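Read the structure below first, then the notes.
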Amino acid sequence: MLCSRGLGGLRARAAPLRPGRAGLGGLGAGIRARGVSTSWSPVGAAFNVKPQGRRLDLFGERRGLFGVPELSSPEGFRIAQENALRKTDLLVERARCTPPGPQTVLIFDELSDSLCRVADLADFVKIAHPEPAFREAAEEACRSIGTVVEKLNTNVELYQSLQKLLADEKLMDSLDPETRRVAELFMFDFEISGIHLDKEKRKRAVDLNVKILDLSSTFLMGTNFPTKIEKHLLPAHIHHNFVFTGDHVIIDGLHAEAPDPLVREAAYKIFLYPNADQLKCLEELLSSRDLLAKLVGYSTYSHRALQGTIAKNPETVMEFLEKLSDKLSERTIKDFEMIRGMKMKLNPQNSELMPWDPPYYSGVIRAERYNIEPSLYCPFFSLGACMEGLNILFNKLLGISLYAEQPAKGEVWCEDVRKLAVVHESEGLLGYVYCDFFQRADKPHQDCHFTIRGGRLKEDGDYQLPVVVLMLNLPHSSRNLPTLLTPGMMENLFHEMGHAMHSMLGRTRYQHVTGTRCPTDFAEVPSILMEYFANDYRVVNQFARHYQTGQSLPKNMVSRLCESKKVCAAADMQLQVFYATLDQIYHGKHPLRKSTTDILKETQEKFYGLPYVPNTAWQLRFSHLVGYGAKYYSYLMSRAVASMVWKECFLQDPFNRYASEVSFY
C-alpha cells in the first residue's frame with residue numbers, strides 16, 4: 001500500500017534483454033580524432049566535453065546525495081530513515097483519527113511519499129554508488145523501510161480508516177475520479193498483502209515479504225557476478241579476450257559479439273555454468289512468492305502479481321504469448337535458416353546453430369547486406385549530438401527543453417554524472433534527470449531508469465518535483481574523442497529517456513500514481529515509442545552529424561540502418577517470447593513439476609527452437625525475475641501498444657504536437 005514502488009511494484013525500469021540489439025558491435029575504437037566540432041547547443045556540449053572537475057573547495061558546504069543534507073555520508077541513511085519513520089508514526093496516527101474524506105487519501109499518499117523518498121533513493125544507491133560504505137548503508141535502509149512497509153500493509157487500524165471512506169458510497173461519489181482511483185489502489189494493496197487474514201497469518205505474510213526482499217536482493221547481485229576459472233582451462237589463443245587476475249580468468253558476460261566462435265562458446269558455457277548458491281536462492285525466491293500468494297488467497301504468484309495490470313491474469317498472458325509465438329513461427333524458422341547459412345559460410349566445419357550464435361551471425365548478415373559497419377555510424381552519433389537530438393525532439397513535440405546544471409558539492413556519486421533540468425515553455429521547471437551514463441568498476445551493466453522522488457501536489461500548493469536517474473554503460477570520452485554511440489546505444493538512450501519523460505510529464509496530485517507508477521504492462525509504452533523516433537530519418541536528420549566535420553548522416557545510411565533492423569527480427573522477438581513464457585511458468589503452479597533448469601530446457605526448445613546446452617543455467621542470470629517477476633511479458637505487450645500509437649499518431653508526422661501531448665501526458 002504505502003511505498004508506491006515497493007509493493008509488488010518496480011523499483012527501477014530496466015531495458016529488456018535484447019541481445020539482437022547488440023548486433024552492431026562496440027565503438028569504433030580505432031577512429032582517430034584531430035578535433036571535435038564545437039558547434040553544439042549547450043546541452044550537446046555538456047555531454048561532448050569531458051568534465052573539468054570542480055575547483056578544490058575545502059570549506060564549501062557538502063549538500064549530500066541528490067541535495068538531501070543527511071546523505072553527505074553513509075551514516076546519513078540511518079538519520080534519513082529515522083526521520084521518515086518518525087513522520088510515518090505521526091501520519092499513521094493522523095490517518096486513524098481523521099474523519100473519512102479526501103483528506104484520508106492525502107494522508108495515505110503523504111505516508112507513502114515519506115517512505116518512498118528514502119526507499120527509492122536507497123534502492124538506487126545500493127547498486128550504483130562506487131563506495132561500499134554507501135552501498136551497505138543504503139541496503140540496510142532498503143531492508144528497514146521495506147519491513148515497515150510490509151507491516152503497515154497489514155495494519156488493521158490503518159486499513160479501517162481507509163475502509164470507512166470506501167464503504168461510504170455518498171462520500172466516494174463526491175470524490176474526484178483521481179482521488180477515488182488512488183483510494184481504491186491503496187485498498188487493493190492492503191488486500192493483496194493479506195489484511196483479511198488473522199493476526200498470526202498477517203505476521204506470516206509480513207515475514208514472507210521481508211524474506212522475498214532479502215532473496216531478491218541476493219539473487220539480483222548474483223545475476224551480475226562474474227565467473228572465475230583457472231587460466232589453464234581455456235585455450236591460450238583466446239586468453240586475450242578476457243580479463244585476468246593472477247592465474248584466473250574473469251568471465252563477466254556472454255561476449256555475444258566476439259568474432260571467434262570459441263570465445264563465444266567458452267563465455268556462454270562458463271558464464272552460465274550453474275552456481276549452487278544462486279540456484280538455491282532462485283528456488284527459495286520462487287517458493288516464497290508462491291507461499292505468499294497462496295497465503296493471501298491466490299492460486300499462484302502470477303495471479304497475484306497480475307492483479308491491476310492490463311492483462312489481468314496469467315491465462316490472458318499465456319494466450320497472448322502463444323498466439324504471438326504461432327504468428328512468429330514461420331518467420332523465426334526462416335531467420336534461423338538464414339543465420340545457419342551464414343554460420344555454414346563462415347564456419348563450415350561446425351554449422352550446427354547454437355544459442356551463442358544468433359546475436360553474432362545476425363549482426364554479420366545485417367552488416368553484409370546493408371553495409372552498416374558501426375565505425376561508419378559512430379562518428380555521427382556522439383553522445384552530445386544524441387542529447388541535442390532529444391532536446392530538439394522534446395522541444396518540438398512537447399515544448400520542453402533540457403538544461404545542463406552544475407551539481408552542488410556532494411550531490412552526485414561520481415564526477416561524470418550530469419544533471420539536467422527539464423523545463424516546459426509555459427509551466428516552467430518540471431523536474432530533474434541525473435544522467436549516470438558512463439562505465440565504471442562494479443557498476444551494473446543493465447540500462448535502467450530509477451525514480452528517486454515522485455511528483456505530487458503538496459498541502460501548501462507547491463508541486464514536489466520528480467527526480468530520476470538514467471543509468472547507461474557508455475565508454476568514456478577522451479581528450480580528442482567524444483563518446484561515440486553505436487546505433488543500438490543511441491536507441492537505448494532514447495528508450496531510457498522515454499521513461500524519464502514519462503516521469504516528468506505524468507504529473508498527478510498523488511505520487512502513488514505519478515509517472516511510471518502505472519500498470520507494468522503499460523509502463524514500457526512511452527520508452528518503446530521513443531525507439532520509433534530514434535529510427536525515423538526525419539528525427540535522426542535533426543541531430544546526427546559528424547563530430548569533426550558537422551556533416552549530416554546521409555539519408556540512405558539511415559534507411560539502410562532501419563531496413564537492417566528487420567533482419568532476424570522474428571527470431572529476436574521469439575527469444576523474448578521464450579523469456580516471458582519461462583517467467584510465467586516459474587511463477588505458475590507450485591511445486592514446480594521439474595527443476596528450474598529442466599523447465600528452462602523444455603521451454604527453450606518449445607518456444608525458441610535452439611538446443612539447450614548441458615551444464616548451463618541461463619535462468620540464474622535472468623535479473624528481470626526480480627523487478628518483473630510474472631510480468632516480463634510487459635515488454636512485448638507494450639511494444640504492441642507502442643506500435644499502434646506510432647502508426648496512428650506519428651507515422652505521418654513525427655513532430656505532431658497535438659498527438660504527442662495526448663500520448664505523453
Side-chain angles (χ1 to χ4, degrees), residues 20-51 257-259 360 363-393 402 404 416 418 435 437-439 447 470 472-497 530-531 533-565 567 654:
R21 172 174 288 183
L24 293 173
L27 279 183
I31 298 172
R32 290 285 175 266
R34 289 190 297 272
V36 177
S37 172
T38 56
S39 58
W40 306 106
S41 68
V43 73
F47 285 85
N48 262 4
V49 177
K50 200 172 181 68
E257 303 306 317
Y360 174 71
V364 171
I365 294 168
R366 292 184 186 108
E368 185 179 275
R369 187 175 295 182
Y370 294 101
N371 190 22
I372 52 167
E373 176 60 36
S375 61
L376 299 176
Y377 284 86
C378 293
F380 294 92
F381 292 137
S382 68
L383 178 56
C386 295
M387 293 304 297
E388 190 170 311
L390 287 163
N391 193 38
I392 293 167
L393 178 63
L402 306 175
D416 58 22
R418 312 295 209 280
C435 301
F437 283 174
F438 302 103
Q439 298 167 347
D447 296 341
L470 296 189
L472 305 177
N473 278 276
L474 304 177
H476 286 272
S477 60
S478 66
R479 196 169 124 186
N480 294 322
L481 188 70
T483 294
L484 303 180
L485 277 60
T486 64
M489 290 175 182
M490 183 270 284
E491 190 177 296
N492 269 0
L493 171 62
F494 271 61
H495 176 102
E496 297 304 332
M497 194 59 83
M530 283 296 294
E531 295 176 22
F533 289 101
N535 288 290
D536 189 288
Y537 178 72
R538 294 164 294 181
V539 176
V540 174
N541 187 50
Q542 300 287 315
F543 69 90
R545 49 201 171 102
H546 199 285
Y547 75 96
Q548 287 178 310
T549 66
Q551 174 197 352
S552 294
L553 181 65
K555 185 174 182 178
N556 69 326
M557 287 182 68
V558 179
S559 299
R560 294 202 310 268
L561 181 63
C562 292
E563 283 299 308
S564 76
K565 291 178 185 293
V567 174

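Below, all heavy atoms of this structure are taken into account, side chains as well, without hydrogens, waters or symmetry copies. Nothing fancy with the numbering, it's 1 onward along the sequence. Quick caveat, the model's predicted, so the values are computed rather than measured.
With Asn535 contributing its side chain and Cys562 its backbone, the two residues share no donor-acceptor pair below 3.5 Å. Judged by distance alone, with hydrogens and angles left aside, the side-chain atoms of Arg366 form a donor-acceptor pair with the main-chain N or O of Val567 at under 3.5 Å. Side-chain N or O atoms of His495 include none that pairs as donor or acceptor with a backbone N or O of Met530 at under 3.5 Å. The backbone N or O of Cys435 lies less than 3.5 Å from no partner atom in the side chain of Arg418, so there is not a single donor-acceptor pair.
Taking the side-chain contact (heavy atoms from CB on, under 4.5 Å) definition, one finds that Tyr537 meets it with Asn541, Lys555, Val558, sequence neighbours left out. Listed by chain and residue number, Arg538, Val539, Trp646, Pro654 satisfy the side-chain contact (heavy atoms from CB on, under 4.5 Å) test with Asp536 (two or more places apart in sequence, or in another chain). Remark: Pro554 engages Phe380, Gln551, Asn556, Met557 in a side-chain contact (heavy atoms from CB on, under 4.5 Å) (not counting sequence neighbours). Remark: Phe47 pairs with Phe437 by the ring pair (Phe, Tyr, Trp, His ring centres under 6.0 Å) rule, at least two apart or across chains. With sequence neighbours excluded, no residue satisfies ring pair (Phe, Tyr, Trp, His ring centres under 6.0 Å) with Phe381. Shown here are the side-chain contact (heavy atoms from CB on, under 4.5 Å) partners of Glu563, two or more places apart in sequence or in another chain: Tyr370, Lys566.
Rounding to the nearest 0.5 Å gives a distance of 12.0 Å between OG1 of Thr483 and CE of Met387.
Salt bridge status for Lys565 with Glu531: absent, with no side-chain N to carboxylate O gap under 4.0 Å.
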